[in-house]
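Have a look at the structure below, then the notes.
Lettering of chains follows the sequences in order, A, B, ..., and the numbering in each one begins at 1.
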Number of protein chains: 2
Amino acid sequence: MMKNLLSNIKISVPEKIFLKDPESSDLGKRIIEHSILLIDEIGFDNFTFKKLGAKIGSNESSIYRYFESKHKLLLYLTSWYWAWIEYQLVFSTSNIPNPEKRLLKAIEVVTQTIKEDFDFSHVNEVKLNQIIINEYSKSYLTKEVDSENKEGYFVVYKRLIARLRDMILNVNSEYKYASSISSTIVEGALHQHFLKDHFKSITDCNETVTPTQFFQELTINAIKS
Amino acid sequence: MMKNLLSNIKISVPEKIFLKDPESSDLGKRIIEHSILLIDEIGFDNFTFKKLGAKIGSNESSIYRYFESKHKLLLYLTSWYWAWIEYQLVFSTSNIPNPEKRLLKAIEVVTQTIKEDFDFSHVNEVKLNQIIINEYSKSYLTKEVDSENKEGYFVVYKRLIARLRDMILNVNSEYKYASSISSTIVEGALHQHFLKDHFKSITDCNETVTPTQFFQELTINAIKS
DNA sequence: CAAATATGATAGTAATACTATTAAATTAGC
DNA sequence: GCTAATTTAATAGTATTACTATCATATTTG
């Protein structure tokens with residue numbers, strides 16, 4: 001099943017994001033593992049390498065050998081997450097020949113909450129998903145977006161949106177807003193998840209109604225009209 | 001016209017956000033005016049009260065008498081912005097009897113870029129709109145959201161979303177996701193504006209295609225199916 | 001004109017986000 | 001198994017941030 005299969009592939013993150021590949025050492029893996037736990041616990045704004053060092057019984061300066069800043073670490077975690085989602089997207093849609101069913105499956109993959117810890121080595125996917133919901137915007141809402149974008153720090157995310165767009169165009173190649181609806185689905189789903197946890201009055205999503213249902217219906221109605 | 005009319009009303013912001021009403025003094029107005037210019041220029045992350053003090057020839061400690069933190073100042077600016085948009089929403093839709101036309105107008109108001117400086121006293125609306133696009137998420141993506149929400153710091157935004165939702169229900173009272181689509185339109189429009197400026201490849205919006213068109217079509221198709 | 005209030009100037013604090021240096025531990029090649 | 005290379009740890013230091021506190025000086029108000 002998925003769980004075992006995923007344990008054997010390596011998620012790849014743009015190399016420029018890190019100084020030294022955290023997958024290449026024990027300390028690196030502990031940095032990833034515990035940064036996810038700590039950011040989820042105290043939030044990215046309150047997160048520091050010093051606190052992380054204390055948690056893993058290591059030194060602040062050692063962490064700086066892997067990532068030049070906490071911002072770069074966030075870029076690493078988010079790239080990892082989107083690459084993981086991309087893998088699931090490709091894998092779970094590859095055997096669906098019907099374009100519309102494939103698209104619905106794709107929307108499900110990009111909009112669902114992660115409830116099960118896939119136990120993908122040292123990464124807690126449930127908590128990483130929470131981090132994406134709460135912190136992802138902060139990775140690109142900076143004055144440095146354009147230069148970082150040129151460096152390729154957002155390729156994984158953009159590639160995921162492009163894959164979803166292509167599946168939309170496969171259902172209706174005439175639809176004029178395939179890119180916009182694709183980016184709206186991915187970003188919008190994160191937002192709806194946030195709203196159901198903090199601003200319940202402005203969302204219809206709750207324990208029974210999911211962002212997946214909302215975006216599936218929305219997309220089908222949009223592209224089939 | 002709008003420009004003159006707006007100059008005579010006062011936009012009201014939840015009182016708990018500030019320590020002292022910036023509208024009540026000359027220094028207060030200069031804080032608002034120049035914080036907008038400075039945040040737009042260097043970004044919220046690099047913005048400090050010390051830098052603002054230097055810009056307005058005033059003292060850091062004086063600014064702290066108005067806002068207890070730069071986060072509170074951001075909450076003030078965003079609440080002001082949404083209250084201003086809400087005013088425009090109510091005003092520009094009040095004389096449209098047809099529910100669908102009214103909704104389309106409403107979507108236009110909440111999704112358009114502000115191109116003209118309305119010269120609303122000391123507030124530069126064009127730059128404030130850019131700040132909302134680039135920084136709004138940071139105002140609620142914090143560990144303190146729930147307590148700040150209880151304090152009423154986000155009422156204006158939620159009220160705006162609720163107004164839009166009601167206009168949607170007025171077109172089709174059976175539509176199941178009125179709140180979710182309403183919040184998706186407002187948040188999604190900001191996101192599309194951001195994408196067209198920084199990640200062009202994952203949006204269809206550009207100089208000729210607007211987020212307004214995209215969301216108008218999307219909404220009509222969603223609720224009329 | 002006195003009292004109240006607002007603003008300015010200065011100083012200080014704990015924390016942040018790093019950099020630099022040196023020492024100790026670990027690993028790799030032979 | 002030893003040496004060299006690499007990795008990690010420890011310590012110190014810097015500039016900046018996000019404030020608080022105090023006191024002096026303007027400015028406004030009754």
Legend entry - With B:E23 via salt bridge (Lys or Arg N to Asp or Glu O under 4.0 Å) - residues at least two apart: none
Inset, instruction - Give me the bend of the helix from C:dC1-D:dG30 to C:dC30-D:dG1, using the axes of the five pairs at each end, rounded to 10°. - result: 20°
Inset, instruction - List in chain and number order the residues that pass salt bridge (Lys or Arg N to Asp or Glu O under 4.0 Å) with B:K143, two or more places apart in sequence or in another chain; answer none if no residue qualifies. - result: none
Legend entry - Contacts of type salt bridge (Lys or Arg N to Asp or Glu O under 4.0 Å), residue A:D197, not counting sequence neighbours: none
Legend entry - Within residues 12-36 of chain A: residues closer than 4.0 Å to DNA chain C (heavy atoms): none
Inset, instruction - Can you sort out the partners of B:K196 under salt bridge (Lys or Arg N to Asp or Glu O under 4.0 Å), two or more places apart, ordered by chain and number? - result: none
Inset, instruction - Sequence neighbours left out, what passes side-chain hydrogen bond (donor to acceptor under 3.5 Å, both in side chains) with A:Y140? Give chain and number order. - result: A:E187
Inset, instruction - State which residue, out of A:I132, A:V13, A:I36, fulfils the side chain to side chain contact (heavy atoms under 4.5 Å, CB included) condition with A:L77. - result: A:I36
Inset, instruction - Answer with yes or no after comparing the ring centroid distance for A:F214 and B:Y177 against a 6.0 Å cut-off, counting only values under it. - result: yes
Inset, instruction - Classify the nucleic acid contact of B:Y66 as base, sugar-phosphate or nothing, counting any heavy atom under 4.0 Å across all strands shown. - result: sugar-phosphate
Inset, instruction - Sugar-phosphate atoms are those with a prime plus P, OP1 and OP2; base atoms are the rest. Using that split, label each nucleotide of nucleotides 10-27 of chain D B, S or - for protein heavy atoms under 4.0 Å, 5' to 3'. - result: BB-----SSBBB------
Legend entry - Set of residues satisfying side-chain hydrogen bond (donor to acceptor under 3.5 Å, both in side chains) with respect to A:T111, sequence neighbours excluded: A:T212
Legend entry - Sequence neighbours excluded, every pair satisfying side-chain hydrogen bond (donor to acceptor under 3.5 Å, both in side chains) that has a member inside residues 28-38 of chain B: B:D26-B:R30
Inset, instruction - For residues 143-165 of chain B, pull every pair meeting ring pair (Phe, Tyr, Trp, His ring centres under 6.0 Å), keeping only residues two or more places apart or in separate chains. - result: A:F199-B:F154, B:W82-B:Y157, B:Y136-B:Y157
Inset, instruction - Examine the side chains of B:S183 and A:T203 and answer whether a donor and an acceptor come within less than 3.5 Å of each other. - result: no
Inset, instruction - Say whether B:E144 and B:S147, considering side chains only, have a donor N or O and an acceptor N or O under 3.5 Å apart. - result: no
Legend entry - Contact boundaries on DNA chain C for chain B, cut-off under 4.0 Å to non-hydrogen atoms: C:dA6 to C:dT10
